[in-house]
Amino acid sequence: MPTTPKAQIKVANLAGLFVEHLIEIGVATRPSLTAAQAERQELLGDLETYLERQRGLSPRSVKHVLGFAARFLAHRFGDQMLDLAILNARDVVAFMEHVIGRKTPYRDKTLSSHLRSFFQYLFAQGLITTNLSLCVPRVHKPWGARLPRYLSPDEVEAVLASVATNPRRGARDYAMLLLMARLGMRAPEVMAVQLDDIDWRAGELLVRGKGKRHDRLPIPSDVGEAISRYLREERTSTTIRTLFVSHRAPNRPFKDSQIINSILREAFAATGVKPPTPYVGSHVLRHSLATNLVRSGASLEEIGVCCGIDRVQQR
């Protein structure tokens, strides 16, 4: 029998997926929305447009904001019609206590930031008269739990060396990881790099960050050599302008950054390096860069100037 929440089979989710499949193949029809459901769907649709066009959030962030917004509305109003004008700070705190009390709060920061985005939208549209985003509390975490999980410099180099010698796709994967390990780039930023973003003459790279913000970072010699090797030896697409594409035809850009996580998992298994967290995420290289620079005596300002880490602080 399953003993952990992750191991438990969620029958409701499976049933929902099965029903969606039946609707897609035409075996079943989608039931008509109630007035309350239609009202909520319209609100969330407008919120999605606002987050994409005005806030410039990534698709993943938009998805999370919509998810938390829907959960908040369900918690406060159930299946009834919305009355947004009556919302107050007590409703916000009660919802956060409800979410955090149900399981280990491994995404406390994400919960707070995404709720703020939702309430900022409501206030900006005049749907509420008080900016409730200012009422969203921060959830306390012990200091040790907030420290970034990182690899030592030797472990980082071992992982990079393992990826570089992969006979199947070593040049591409090595170049992607090196951008994160040397420049502190996020995985979605690496996925978004275009061929035209590389200024070889100036030795600079245009980084397409969060909120549609663009920054220019210097290209270290080893990063430039890694990208050049990938372009010469492995990249075969002649029509796609995205730098990193799949090796399998038709050589399309990646839909998300899960490819990075897969590369890291294989490298950890091959080298025997123990991941700093049970979940192997791409941020481990970014956190390792910042942490090891601080341990070497660099100030936060110097790290920002040299590696672009200041982009995190400025947002």
Side-chain angles (χ1 to χ4, degrees), residues 52 56-64 156-157 159-271 275 279-289 307-308 311:
E52 292 175 346
L57 298 186
S58 67
R60 183 175 182 180
S61 294
V62 171
K63 177 182 177 181
H64 286 309
V156 171
E157 295 307 316
V159 168
L160 292 175
S162 174
V163 172
T165 56
N166 186 318
R168 292 182 297 157
R169 53 178 192 269
R172 184 199 65 189
D173 295 356
Y174 178 67
M176 289 194 295
L177 294 193
L178 206 60
L179 284 170
M180 292 185 287
R182 299 289 190 260
L183 298 178
M185 291 176 61
R186 302 176 181 86
E189 293 171 345
V190 173
M191 298 293 98
V193 175
Q194 304 293 303
L195 291 173
D196 299 327
D197 293 340
I198 306 174
D199 187 338
W200 293 106
R201 184 178 297 277
E204 292 182 342
L205 173 67
L206 178 68
V207 179
R208 302 169 186 271
K210 290 183 178 180
K212 296 184 179 179
R213 174 174 175 174
H214 294 176
D215 298 288
R216 289 192 174 276
L217 298 180
I219 303 177
S221 59
D222 57 345
V223 175
E225 292 171 1
I227 295 175
S228 177
R229 177 195 164 202
Y230 161 61
L231 293 174
R232 293 194 315 269
E233 299 179 5
E234 289 187 6
R235 195 179 189 281
T236 57
S237 175
T238 58
T239 58
I240 302 297
R241 301 305 294 173
T242 302
L243 175 60
F244 297 112
V245 296
S246 65
H247 283 164
R248 187 176 302 172
N251 308 119
R252 294 173 178 169
F254 298 104
K255 293 182 179 180
D256 53 42
S257 57
Q258 289 303 312
I259 181 65
I260 301 290
N261 298 345
S262 299
I263 296 169
L264 285 171
R265 281 195 295 269
E266 292 181 8
F268 283 132
T271 59
Y279 171 74
V280 177
S282 58
H283 268 51
V284 66
L285 294 176
R286 177 180 172 84
H287 291 166
S288 299
L289 172 64
C307 310
R311 292 179 286 132

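When a residue number appears, it is its place in the shown sequence, counting from 1.
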Nearest-0.5 Å distance, [atom1] of residue [X] to [atom2] of residue [Y]:
X      : Y      : atom1 : atom2 : value
Leu179 : Arg286 : CG    : CZ    : 12.5 Å
Asp173 : Leu160 : CG    : CG    : 11.5 Å
Glu189 : Met180 : CD    : CE    : 10.5 Å
Asp197 : Arg241 : CG    : CZ    : 10.0 Å
His64  : Ser58  : NE2   : OG    : 8.0 Å
Met185 : Arg208 : CE    : CZ    : 10.5 Å

Open item on the list: With salt bridge (Lys or Arg N to Asp or Glu O under 4.0 Å) as the rule and sequence neighbours excluded, what pairs involving residues 219-240 come up?
Closed with: Arg182-Asp222, Arg229-Glu233
Considering all heavy atoms, the nearest [X]-[Y] contact:
X      : Y      : answer
Asp256 : Gln258 : OD1-N, 3.0 Å
Leu183 : Pro220 : CD2-CD, 3.7 Å
Ala270 : Ser162 : CB-OG, 3.6 Å
Ile219 : Gly224 : CG2-N, 3.5 Å
Ala187 : Ile260 : CB-CG1, 4.1 Å
Ala267 : Val163 : CB-CG2, 3.8 Å

TODO: With sequence neighbours left out, write down each residue that passes side-chain hydrogen bond (donor to acceptor under 3.5 Å, both in side chains) with Arg248, or none if nothing qualifies.
DONE: none
TODO: List in chain and number order the residues that pass side-chain hydrogen bond (donor to acceptor under 3.5 Å, both in side chains) with Thr271, two or more places apart in sequence or in another chain; answer none if no residue qualifies.
DONE: none
Open item on the list: Under the rule for side-chain contact (heavy atoms from CB on, under 4.5 Å), what residues qualify as partners of Ala226, not counting sequence neighbours?
Closed with: Tyr174, Ala175, Leu178
- [ ] With sequence neighbours excluded, tell me which residues meet ring pair (Phe, Tyr, Trp, His ring centres under 6.0 Å) with Phe244.
- [x] Tyr230
Please tabulate, one pair per line, all N/O donor-acceptor pairs under 3.5 Å involving side-chain atoms of residues 198-207, not counting sequence neighbours.
residue: Asp199; atom: OD1; partner: Arg201; partner atom: N; Å: 3.3
residue: Asp199; atom: OD1; partner: Ala202; partner atom: N; Å: 3.0

- [ ] State, with a plain yes or no, whether a side-chain heavy atom of Glu266 is found less than 4.5 Å away from one of Asn166.
- [x] yes
TODO: Using atom types as modelled and distance alone, determine if a side-chain donor or acceptor of Arg172 lies under 3.5 Å from a backbone N or O of Val245.
DONE: yes
TODO: Check Val156, Val190, Leu264 against Leu177 for a side-chain contact (heavy atoms from CB on, under 4.5 Å) and give me the one that passes.
DONE: Leu264
